[in-house]
Peer 1: 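I have a structure I would like to understand better, so I am pasting it below and will then ask my questions one at a time.
This one's a predicted model, so the numbers in the text were calculated from it and none came from an experiment. In listed order, ligands and their atoms are each counted from 1.
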Amino acid sequence: MRTKVAIIGAGPAGLLLGQLLHAYGIDNVILERQTADYVLGRIRAGVLEQGTVDLLEEVGAAARAHREGLVHHGVELAFGGVRHRIDMHAATGKTMMIYGQTEVTRDLMDARRAAGLTTVYEAADVTPHEFDGNHPRVSYVKDGATHEITCDFIAGCDGFHGVSRKSVSAAIRTFERVYPFGWLGILSETPPVSHELIYTNHERGFSLCTMRSMHRSRYYLQCSMEDHIDQWPDDRFWDELKRRLDREAVDHLVTGPSIEKSIAPLRSFVAEPMRFGKMFLAGDAAHIVPPTGAKGLNLAASDVHYLSQALREFYDEKSYAGIDAYSTTALARVWKAVRFSWWMTSMLHKFPDTGEFGARIQLAELDYLVSSQAAATSLSENYVGLPF
Ligand code: RFL
Ligand code: PHB
């Protein structure tokens, strides 16, 4: 098989890149290790920046998001038992959209199918070759037979545990912080506790009330990395959440059986650079942020925006300028989101080693945020998404 761009990974980064390239007349093939249903079963992100929605619109995959997504103008920060609303739309003129990663993925898969583009699911042993030279190719095994795709470029959109970054490990520099706690998340068929997301700093640990729709809620609790979901039956989860919420939120909380429950570690990670000859990294393959800033999926979208523009410039104008600039351009935005996610995480979680002093500093910072328009605007600019 021959294509212009071989994309490894059918997560949001790979699927969105595929549709953007298709819109620019650049043919591409996606190789995905899992089945489509497996990819769709992962419950992850929920908040889309306006820039991410704009990209979905550009590829004609935003109709359902506009119908079913919930447009949010602000968030609530809770500390000391009191909730404070930050009006991000007033501060920036921008909004966010609540629309699950699962739905984004489904819409992009549907668009890809409708466009007749090739996706190979259950592709095993995917391996990029010769991206340093002029004949890049990707091999994989499907149904016991080895296949090869020759291409002009390889896009490594295969997430944190993918093969792309591993294949260049000798050439990269990594930066990492692993946080000493995780997030225990549940999904339930219950109405959300508030119209807004509620981020809570509490002496028992962080909590987040979020949603997927007006009848489906998602909640997170800071937990120990030693915890296992078996130790968290639903009743224990709801009891602990109630302890961390303000009185009014507890009164409005509707509990019910969980339909999904998982524990995620929290990590900040960046690999530099994001280009190796004719192979590029994009999305979680190149960087991870803790979910506190709601940035992971949105960074995957901004990376593939830059990458698709660079490739378009190459095919339209035979210019390498965008390709040469890709890593630097993408990393400049990545690091700002890494900083923001680290800062939100530091301000809102209970840390085992910072003591009473650290806890007071967090409260002072939160109090400053809700009493200074300048501070609230800075938070808002980052949360709604810095410009591309
Ligand atoms: P993905 O989604 O991991 O997709 C990578 C794909 O590559 C495939 N793959 C391979 N394919 C072929 N060969 C191989 N060797 C392969 N190895 C892997 C995988 O099967 C997979 O299908 O990466 P991508 O596309 O870069 O997308 C990144 C986002 O998924 C991620 O950043 C977000 O989910 C992070 N995140 C959030 N981001 C937000 O923007 N807003 C949020 O509100 C938000 N909340 C979250 C989150 C992540 C969470 N978890 C569980 C990590 C909440 C949570 C709890
Ligand atoms: C979610 O809806 O799953 C979500 C929202 C905001 C975050 C993280 C996750 O910061």
Peer 1: For Trp183 and Tyr220, take the angle between the two ring planes, folded into 0 to 90°, and tell me which bin it lands in: parallel under 30, tilted 30 to 60, perpendicular over 60.
Peer 2: tilted
Peer 1: Heavy-atom contacts with Ile8 under 4.0 Å: which atoms of ligand 1 show up? List them by number with element.
Peer 2: 12 (C), 13 (N)
Peer 1: Do Arg275 and Asp324 pass the salt bridge (Lys or Arg N to Asp or Glu O under 4.0 Å) test, and can you show the C-alpha distance, the side-chain angles, and the key distance before you say yes or no?
Peer 2: CA-CA 8 Å; Arg275 174 196 170 201; Asp324 287 339; 2.7 Å; yes
Peer 1: Using side-chain heavy atoms (C-beta onward) and a distance below 4.5 Å, is Phe153 in contact with Leu311?
Peer 2: yes
Peer 1: Which atoms from ligand 1 have a heavy atom of Leu31 less than 4.0 Å away?
Peer 2: 11 (N), 12 (C)
Peer 1: Any idea which part of Val39 is under 4.0 Å from ligand 1, heavy-atom wise: side chain, backbone, both or neither?
Peer 2: side chain
Peer 1: I'd like to know whether ligand 1 has Arg42 as a neighbour, heavy-atom separation below 4.0 Å.
Peer 2: yes
Peer 1: Can you pull out the closest protein heavy atom to atom 9 (C) of ligand 2? Residue, atom name and distance to 0.1 Å, please.
Peer 2: Tyr220 CE1, 3.7 Å
Peer 1: Quick one: does Phe181's side chain get under 4.5 Å of Phe206's, heavy atoms only?
Peer 2: no
Peer 1: State the atoms of ligand 1, each with its element, that fall below the 4.0 Å cut-off from a heavy-atom position in Gly159.
Peer 2: 3 (O), 5 (C), 23 (O)
Peer 1: Using non-hydrogen atoms of the residue, decide whether Trp183 is closer than 4.0 angstrom to ligand 2.
Peer 2: yes
Peer 1: Which bit of Lys295 gets closer than 4.0 Å to ligand 1, counting heavy atoms only: side chain, backbone, both or neither?
Peer 2: backbone
Peer 1: Do we see a donor-acceptor contact under 3.5 Å between the side chains of Arg112 and Asn28?
Peer 2: yes
Peer 1: With a cut-off of 4.0 Å, which atoms of ligand 1 are near a heavy atom of Gly283?
Peer 2: 26 (O)
Peer 1: Can you check which of Ala282, Gly156, Ala45 brings a heavy atom nearest to atom 45 (N) of ligand 1?
Peer 2: Ala45
Peer 1: Apply salt bridge (Lys or Arg N to Asp or Glu O under 4.0 Å) to the pair Asp239 and Arg236, showing each step before the final yes or no.
Peer 2: CA-CA 5 Å; Asp239 286 346; Arg236 180 177 174 209; over 6 Å; no
Peer 1: Which residue and atom name correspond to the protein heavy atom nearest atom 19 (C) of ligand 1, and how close is it?
Peer 2: Glu32 OE2, 3.5 Å
Peer 1: Anything under 30° is parallel, anything over 60° is perpendicular, the rest tilted; go ahead and classify Tyr320 against Phe314.
Peer 2: perpendicular
Peer 1: Scan Lys94, Met96, Met97 and name whichever one has a side-chain contact (heavy atoms from CB on, under 4.5 Å) with Gln50.
Peer 2: Lys94
Peer 1: What residue and heavy atom of the protein are closest to atom 40 (O) of ligand 1, and at what distance?
Peer 2: Leu297 N, 2.7 Å
Peer 1: Checking side-chain polar atoms at under 3.5 Å, does Arg244 have a donor or acceptor matched by the opposite partner on Thr200?
Peer 2: no
Peer 1: By number and element, which atoms of ligand 1 are closer than 4.0 Å to a non-hydrogen atom of Gly162?
Peer 2: 17 (N)
Peer 1: Using a strict cut-off of 4.0 Å, indicate which atoms of ligand 1 neighbour a heavy atom of Val163.
Peer 2: 15 (N)
Peer 1: What atoms of ligand 2 come closer than 4.0 angstrom to any heavy atom of Leu197?
Peer 2: 5 (C), 6 (C)
Peer 1: Do the charged groups of Glu103 and Arg212 touch, with an N to O distance under 4.0 Å?
Peer 2: no
Peer 1: Check this for me: does any side-chain nitrogen of one of Arg2 and Asp152 sit under 4.0 Å from a carboxylate oxygen of the other?
Peer 2: yes
Peer 1: Should Asn298 be counted as touching ligand 1, given the test is an N or O pair under 3.5 Å?
Peer 2: yes
Peer 1: Is it true that His252 and Ser194 share a donor-acceptor pair across their side chains at a distance under 3.5 Å?
Peer 2: no
Peer 1: Run the numbers for me: atoms of ligand 1, each under 4.0 Å from some heavy atom of Val47, listed by number.
Peer 2: 41 (N), 43 (O)
Peer 1: With only distance considered, is Arg218 within less than 3.5 Å of ligand 1 through an N or O on each side?
Peer 2: no
Peer 1: Do any heavy atoms of Gly185 fall under 4.0 Å from ligand 1?
Peer 2: no
Peer 1: Just jot down the ligand 1 atoms closer than 4.0 angstrom to any heavy atom of Tyr220, in number order.
Peer 2: 53 (C), 55 (C)
Peer 1: Do you see a donor-acceptor pair shorter than 3.5 Å between the side chains of His202 and Gln222?
Peer 2: no
Peer 1: Exactly one of Val47, Leu266, Leu208 should register a side-chain contact (heavy atoms from CB on, under 4.5 Å) with Pro291. Which one does?
Peer 2: Leu266
Peer 1: Is it the case that ligand 1 has an N or O less than 3.5 angstrom from some N or O of Phe160?
Peer 2: no
Peer 1: In terms of residue, atom name and distance, what is the protein heavy atom nearest to atom 5 (C) of ligand 2?
Peer 2: Val47 CG2, 3.5 Å
Peer 1: Any N/O of Ala300 closer than 3.5 Å to an N/O of ligand 1?
Peer 2: no
Peer 1: Of all the non-hydrogen atoms in the protein, which one sits nearest to atom 8 (C) of ligand 2, and at what distance?
Peer 2: Pro291 O, 3.4 Å
Peer 1: Taking the six-membered ring of Phe237, is the NZ or CZ of Lys261 close enough (under 6.0 Å from the centre) and on axis enough (within 45°)?
Peer 2: no
Peer 1: Is Arg85 salt-bridged to Glu76, cutoff N-O under 4.0 Å?
Peer 2: no
Peer 1: I'd like to know whether Val338 forms a side chain to side chain contact (heavy atoms under 4.5 Å, CB included) with Phe175, so could you lay out the CA-CA distance, the side-chain angles of the two residues, the decisive distance to 0.1 Å, and finally the verdict.
Peer 2: CA-CA 11 Å; Val338 169; Phe175 303 81; over 6 Å; no
Peer 1: Looking only at protein heavy atoms, which one is nearest to atom 11 (N) of ligand 1, and how far off is it?
Peer 2: Arg33 N, 3.1 Å
Peer 1: Taking the side chain as every heavy atom from C-beta outward, state whether Gln373 and Thr377 have any pair of such atoms under 4.5 Å apart.
Peer 2: yes
Peer 1: Heavy-atom contacts under 4.0 Å between Val126 and ligand 1: side chain, backbone, both, or neither?
Peer 2: side chain
Peer 1: Below a 4.0 angstrom heavy-atom separation, can you tell me which part of Ile98, side chain or backbone, both or neither, approaches ligand 2?
Peer 2: neither
Peer 1: Using side-chain contact (heavy atoms from CB on, under 4.5 Å) as the criterion, point out the one residue from Thr105, Leu16, Leu48 that pairs with Leu297.
Peer 2: Leu48
Peer 1: Which of these, Pro12, Gly11, Ser341, has its nearest heavy atom closest to atom 27 (O) of ligand 1?
Peer 2: Pro12
Peer 1: Compute the shortest N/O to N/O distance between Ala13 and ligand 1 and return yes if it is under 3.5 Å, no if not.
Peer 2: yes
Peer 1: Charged N to carboxylate O below 4.0 Å: is that the case for Asp158 and Arg33?
Peer 2: no
Peer 1: What is the closest protein heavy atom to atom 3 (O) of ligand 1, and at what distance does it sit?
Peer 2: Arg44 NH1, 3.2 Å
Peer 1: If we set the cut-off at 4.0 Å for heavy atoms, which region of Arg212 has an atom near ligand 2: side chain, backbone, both, or neither?
Peer 2: side chain
Peer 1: So is Gln34 polar-close to ligand 1, meaning N/O to N/O under 3.5 Å?
Peer 2: no
Peer 1: Do Val53 and His66 have side chains that get closer than 4.5 Å, going by heavy atoms?
Peer 2: yes
Peer 1: If you take the nearest heavy atom of each of Ala264, Cys157, Ala123, which one is closest to atom 5 (C) of ligand 1?
Peer 2: Cys157
Peer 1: Using distance alone, decide if ligand 1 has a nitrogen or oxygen within less than 3.5 Å of any nitrogen or oxygen in His161.
Peer 2: no
Peer 1: Starting from atom 33 (C) of ligand 1, locate the nearest protein heavy atom and write down its residue, its atom name and how far away it is, to 0.1 Å.
Peer 2: Gln101 OE1, 3.4 Å
Peer 1: What is the closest protein heavy atom to atom 31 (C) of ligand 1, and at what distance does it sit?
Peer 2: Asp284 OD2, 3.3 Å
Peer 1: Looking only at protein heavy atoms, identify the closest one to atom 6 (C) of ligand 2 and say how far it is in Å.
Peer 2: Tyr199 OH, 3.3 Å
